[in-house]
There are 2 protein chains.
Amino acid sequence: MSGYAPSEAARRSGFSLDTLRYYEKIGLLSGIGRTSGGRRVFTDDDLSWLTLFRCLRDTGMPIAEMCRYAELAREGEHTAGERQALLQRHAERVEEQMHLLQRQYDHLREKIRYYDGT
Amino acid sequence: MSGYAPSEAARRSGFSLDTLRYYEKIGLLSGIGRTSGGRRVFTDDDLSWLTLFRCLRDTGMPIAEMCRYAELAREGEHTAGERQALLQRHAERVEEQMHLLQRQYDHLREKIRYYDGT
DNA sequence: GCTTGACCTGGAGCGCACTCCAGGTTGAAG
DNA sequence: CTTCAACCTGGAGTGCGCTCCAGGTCAAGC
């Protein structure tokens with residue numbers, strides 16, 4: 001329980017091994033454990049961070065902003081408000097994005113239907 | 001009517017001047033008219049292409065695929081079926097994307113709500 | 001006629017988010 | 001004990017979609 005090899009972490013998070021290494025290199029992930037031989041060991045906690053990153057990436061948050069969030073989290077509990085605000089602003093952008101996507105999807109469907117009448 | 005300067009085409013389509021030039025350079029736009037002095041003149045027809053490109057880009061279609069579509073359209077009426085199929089496949093990808101976005105948006109909202117209880 | 005801002009070209013540069021590579025190490029299975 | 005797939009590092013390379021630049025041209029308003 002709660003000790004995953006890199007390949008397992010990759011499989012579970014949907015990020016590639018290279019991406020996991022990259023995320024650690026840029027400081028998005030930090031404090032990833034190592035075996036005596038130097039291999040990474042991911043905990044359940046690490047995986048739940050990855051789940052969050054997956055969510056934020058899928059909704060279009062830039063990596064720089066995820067770094068900011070992770071940094072705030074490392075600073076401690078007193079940044080909770082700022083972290084929430086950051087997510088809130090992001091959620092609003094996502095809503096706009098969803099509306100745009102829906103509008104353009106409707107256009108697309110209309111365009112496709114147009115081909116039926118030719 | 002139906003003769004627009006580049007800046008006007010940019011304003012109406014939401015693409016930058018550079019992007020319009022780029023689209024012409026790679027062959028996505030073709031047959032854009034010119035004044036005697038060499039300046040581009042966009043027709044209503046060009047603008048409706050731009051509206052389509054806006055739709056496809058906003059829904060995440062890669063430029064290479066838009067080029068393919070434009071090429072088919074240039075080949076004539078007999079490619080209508082293939083064009084429709086291309087849009088149809090894209091629409092299906094967009095649907096998946098919308099579902100993913102919705103799912104992750106829900107996660108995000110849950111995460112935000114979690115902060116309220118701390 | 002002159003100014004000035006919009007426009008032209010070809011080509012270089014950029015930002016993002018990975019992705020790949022070379023060359024070496026580790027550790028579980030047989 | 002050997003093997004070999006999975007892992008390590010630092011750094012270079014990639015793909016996409018623009019975006020910017022230099023150096024020049026065009027045309028409407030004063």
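Letters A, B, ... mirror the listed sequences (proteins, then strands); counts begin at 1. Below, all heavy atoms of this structure are taken into account, side chains as well, without hydrogens, waters or symmetry copies. As the structure is a prediction and not an experimental result, all values here were calculated from the model.
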Does the side chain of A:Arg34 get closer than 4.0 angstrom to OP1 or OP2 of D:dT9 through an N or O atom? yes
Applying side-chain hydrogen bond (donor to acceptor under 3.5 Å, both in side chains), can you list everything that pairs with B:Gln84, at least two apart in sequence or on another chain? A:Asp116
Heavy-atom donor-acceptor pair, A:Arg93 side chain to A:Gln97 backbone, under 3.5 Å: no
Distance-only side-chain donor-acceptor flag, B:Asp46 / B:Tyr4, under 3.5 Å: no
Ignoring the backbone of B:Pro6, work out which of D:dC8, C:dT9, C:dC7 is nearest its side chain. C:dC7
Can you list the residues that meet the side-chain hydrogen bond (donor to acceptor under 3.5 Å, both in side chains) rule with B:Thr19, with sequence neighbours excluded? B:Ser16
Protein-nucleotides 25-28 of chain C N/O pairs under 3.5 Å:
unit_1, atom_1, unit_2, atom_2, d
C:dT26, O4', A:Arg39, NH2, 3.3
C:dT26, O2, A:Arg39, NH2, 2.7
C:dG27, OP1, A:Thr35, OG1, 3.4
C:dG27, OP1, A:Gly37, N, 3.4

Check the distance between C:dA6's P and B:Phe42's CZ and give it to me in whole angstrom. 16 Å
Send over the distance from A:Arg21 CZ to C:dC21 P, rounded to a whole Å. 13 Å
Any donor-acceptor pair under 3.5 Å linking the side-chain atoms of B:Thr79 with those of B:Arg83? yes
N/O donor-acceptor pair under 3.5 Å between A:Arg54 side chain and A:Gly14 backbone: yes
Report which part of the nucleic acid B:Arg40 touches: base, sugar-phosphate, or nothing (heavy-atom distance under 4.0 Å, all strands). sugar-phosphate
So the ring pair (Phe, Tyr, Trp, His ring centres under 6.0 Å) pairs with at least one residue in residues 19-45 of chain B (sequence neighbours excluded) are B:Phe15-B:Tyr23
Any N/O pairs under 3.5 Å between the protein and nucleotides 16-19 of chain C? List them or say none.
unit_1, atom_1, unit_2, atom_2, d
C:dA17, OP1, A:Ile63, N, 3.4
C:dA17, OP2, A:Ile63, N, 3.4
C:dC18, OP2, A:Tyr23, OH, 2.7
C:dC18, OP2, A:Arg57, NE, 3.0

Give every residue pair that meets the ring pair (Phe, Tyr, Trp, His ring centres under 6.0 Å) criterion with at least one member in residues 79-105 of chain A, sequence neighbours excluded. none
